[in-house]
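First the proteins, then the strands, lettered A, B, ... as listed; each starts at 1. All figures in this text were calculated on a predicted structure; none of them were measured in a lab.
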Amino acid sequence: MNQQVRELHTSITGWFAVHARKLPWREPDCTAWGVLVSEIMLQQTPVVRVLPVWQEWMHRWPSPAALASESSGEAVRAWGRLGYPRRALRLHAAAAAITEDFGGEVPSTHAALLSLPGVGDYTAAAVAAFAFGRRETVVDTNIRRVHARAVTGNALPSPALTAAEMRLARELMPDGVSESVAWNAAVMELGALICTARNPKCSQCPVLEQCAWVSAGRPDPHYVPKGQAWAGTDRQVRGAMMAVLRNAQAPVQRALLLHPPVNLVPSPAAGELDPLAALHRLAAPQEQMERALAGLIADRLAAEDARGVSLP
DNA sequence: TATACGTGGAT
DNA sequence: TATCCAAGTAT
């Protein structure tokens with residue numbers, strides 16, 4: 001633990017003490033369940049979109065047992081438009097596992113958390129650290145980017161998490177337990193608010209003077225990020241079908257999903273098209289429509305019986 | 001290790 | 001307008 005690292009600790013945690021956002025899952029009275037739900041919802045999803053859904057979930061399902069007592073379909077419906085609805089399914093399954101295998105209490109160790117559906121290495125570390133005050137090496141995309149710039153001198157972290165990054169993250173962690181928790185939260189927040197992927201606000205950065213990337217003249221990334229294809233993909237069709245099922249009050253005929261009729265119904269309130277009309281407008285090949293629906297059912301995001309297709 | 005997996009705001 | 005990107009996980 002050299003002097004440079006100590007300066008990073010002081011500067012970044014000092015900045016966090018002043019500039020941290022006030023978020024409900026950071027409040028002292030927030031339960032471990034609340035933290036777990038927030039971490040799952042925040043996977044690949046911005047804070048502003050998570051906030052209202054998280055509040056609704058906490059009010060409706062204040063404990064794992066409460067969520068586990070309802071059908072997985074209710075979880076998927078309440079997931080709304082957060083995206084990656086399989087997360088709702090896994091969170092529901094995690095609630096059941098917590099209720100059955102952990103006496104209804106969210107486990108506190110990394111290993112036990114990792115056993116839960118939808119909980120990977122990042123989420124296990126984050127919950128252990130932020131809900132239980134443990135010393136964990138938390139590594140998310142924000143932390144990776146701050147490390148890449150401030151310490152390594154690169155514009156962006158590598159496309160996939162490397163062993164070298166994990167080693168660096170462990171080396172940078174303060175020894176003290178409470179200090180390590182604050183450090184993890186602070187670096188993540190710095191990456192989210194200041195050291196952003198595009199247009200970083202370097203003028204407001206607490207470690208501008210120590211930043212290896214700035215010192216090197218802010219060189220460009222040494223690789224080209226691979227774009228996320230969307231138009232014409234199965235994902236787009238799946239998303240449109242999920243919107244139809246979320247919107248439906250009753251099971252939807254399979255044929256209606258596979259052959260959505262031209263039925264433009266503008267919603268007077270929101271000015272949005274009916275989800276079925278939106279699905280039609282994709283004009284996806286029939287083979288793709290069938291593949292998407294089969295995928296949803298295979299993934300248990302949708303269920304089919306004699307009445308039609310609905311949320312599980 | 002590479003790929004699939006939603007959604008919408010920002011640029 | 002098209003692309004980028006967001007507190008990743010599972011396979």
Any side-chain to backbone donor/acceptor pair from A:R87 onto A:G83? Under 3.5 Å, distance only. yes
Quantified in whole Å, what is the P atom distance between nucleotide C:dA7 and nucleotide B:dA10? 15 Å
What integer number of Å spans the P atoms of B:dG8 and C:dT9? 23 Å
Protein-nucleic acid N or O pairs under 3.5 Å, nucleotides 9-11 of chain B:
none

Round to a whole Å and report the spacing from [atom1] of [X] to [atom2] of [N].
X: A:L301; N: B:dA4; atom1: CG; atom2: P; answer: 17 Å
X: A:D234; N: B:dT7; atom1: CG; atom2: P; answer: 14 Å
X: A:Y84; N: B:dA4; atom1: OH; atom2: P; answer: 11 Å
X: A:R300; N: C:dT11; atom1: CZ; atom2: P; answer: 12 Å
X: A:R87; N: C:dA6; atom1: CZ; atom2: P; answer: 14 Å
X: A:D121; N: C:dG8; atom1: CG; atom2: P; answer: 13 Å
X: A:D299; N: C:dT9; atom1: CG; atom2: C1'; answer: 13 Å
X: A:L82; N: C:dG8; atom1: CG; atom2: C1'; answer: 14 Å

For A:H259, enumerate each residue passing the ring-ring contact (aromatic ring centres under 6.0 Å, His included) test, keeping only those at least two apart in sequence or located in another chain. none
With sequence neighbours left out, write down each residue that passes ring-ring contact (aromatic ring centres under 6.0 Å, His included) with A:W57, or none if nothing qualifies. A:W61, A:W79
Does any residue of residues 12-46 of chain A have a heavy atom under 4.0 Å from DNA chain B, and if so, which ones, in number order? A:Q44, A:T45
Residues from residues 124-150 of chain A lying under 4.0 Å of DNA chain B - heavy atoms: none
Considering residues, nucleotides and ligands other than A:R21, do more than 12 of their heavy atoms fall under 6.0 Å from its CZ? yes
Crowding at CD, A:E105 (>12 non-hydrogen neighbours, <6.0 Å): no
Answer with base, sugar-phosphate or nothing: what part of the nucleic acid does A:G120 contact at a heavy-atom distance below 4.0 Å? sugar-phosphate
Looking at every strand, decide which applies to A:R235 at a 4.0 Å heavy-atom threshold: base, sugar-phosphate, or nothing. base
Residues in side chain to side chain contact (heavy atoms under 4.5 Å, CB included) with A:Q55, at least two apart? A:P24
Has A:T123 got a side-chain N or O lying under 4.0 Å from the OP1 or OP2 atom of C:dT9? yes
Of the candidate nucleotides B:dG6, C:dA7, C:dA10, which contains the atom at the shortest distance from the side chain of A:Y122? C:dA7
Hey, can you tell me if A:H147 and A:W183 have their rings parallel, tilted or perpendicular (30° and 60° cut-offs)? parallel
Where do A:E165 and A:S158 land on the side chain to side chain donor-acceptor pair (under 3.5 Å) test, with the steps shown first? CA-CA 9 Å; A:E165 284 182 272; A:S158 55; 3.0 Å; yes
Cluster membership besides A:Y84, Ile/Leu/Val/Met/Phe/Trp/Tyr side chains within less than 4.5 angstrom, sorted by chain and number, is none
Could you identify which residues cluster with A:V139, counting Ile, Leu, Val, Met, Phe, Trp and Tyr as linked when any side-chain heavy atoms lie under 4.5 Å apart, either directly or through a chain of such contacts? A:L161, A:M166
Can you give the donor-acceptor pairs under 3.5 Å from side chains of residues 243-252 of chain A to other protein atoms, not counting sequence neighbours?
{"unit_1": "A:R246", "atom_1": "NE", "unit_2": "A:G80", "atom_2": "O", "d": "3.4"}
{"unit_1": "A:R246", "atom_1": "NH1", "unit_2": "A:G80", "atom_2": "O", "d": "3.4"}
{"unit_1": "A:Q249", "atom_1": "NE2", "unit_2": "A:N247", "atom_2": "O", "d": "3.3"}

Which residue lies more 5' along DNA chain C, comparing A:V119 with A:V47 via nearest heavy atoms: A:V47
Matching residue for A:R134 among A:T109, A:V181, A:V177 - test: side-chain contact (heavy atoms from CB on, under 4.5 Å): A:T109
Would you say the side chains of [X] and [Y] form a donor-acceptor pair under 3.5 Å?
X: A:E39; Y: A:Y122; answer: yes
X: A:D234; Y: A:Q288; answer: yes
X: A:T233; Y: A:R238; answer: no

Using a cut-off of strictly less than 4.0 Å between a heavy atom of the residue and any atom of DNA chain C, enumerate the qualifying residues of residues 107-118 of chain A by number. A:P117, A:G118
Heavy atom of residues 177-197 of chain A under 4.0 Å from DNA chain C: which residues? A:M188, A:A192, A:A197
Most 5' of A:Q236 and A:L161 on DNA chain B, judged by nearest nucleotide: A:L161
With a 3.5 Å cut-off and sequence neighbours excluded, list the donor-acceptor pairs that the side chains of residues 201-220 of chain A form with protein atoms.
{"unit_1": "A:W213", "atom_1": "NE1", "unit_2": "A:P219", "atom_2": "O", "d": "2.8"}
{"unit_1": "A:S215", "atom_1": "OG", "unit_2": "A:C211", "atom_2": "O", "d": "2.9"}

Does a side-chain N-to-carboxylate-O contact under 4.0 Å join A:R60 and A:E74? yes
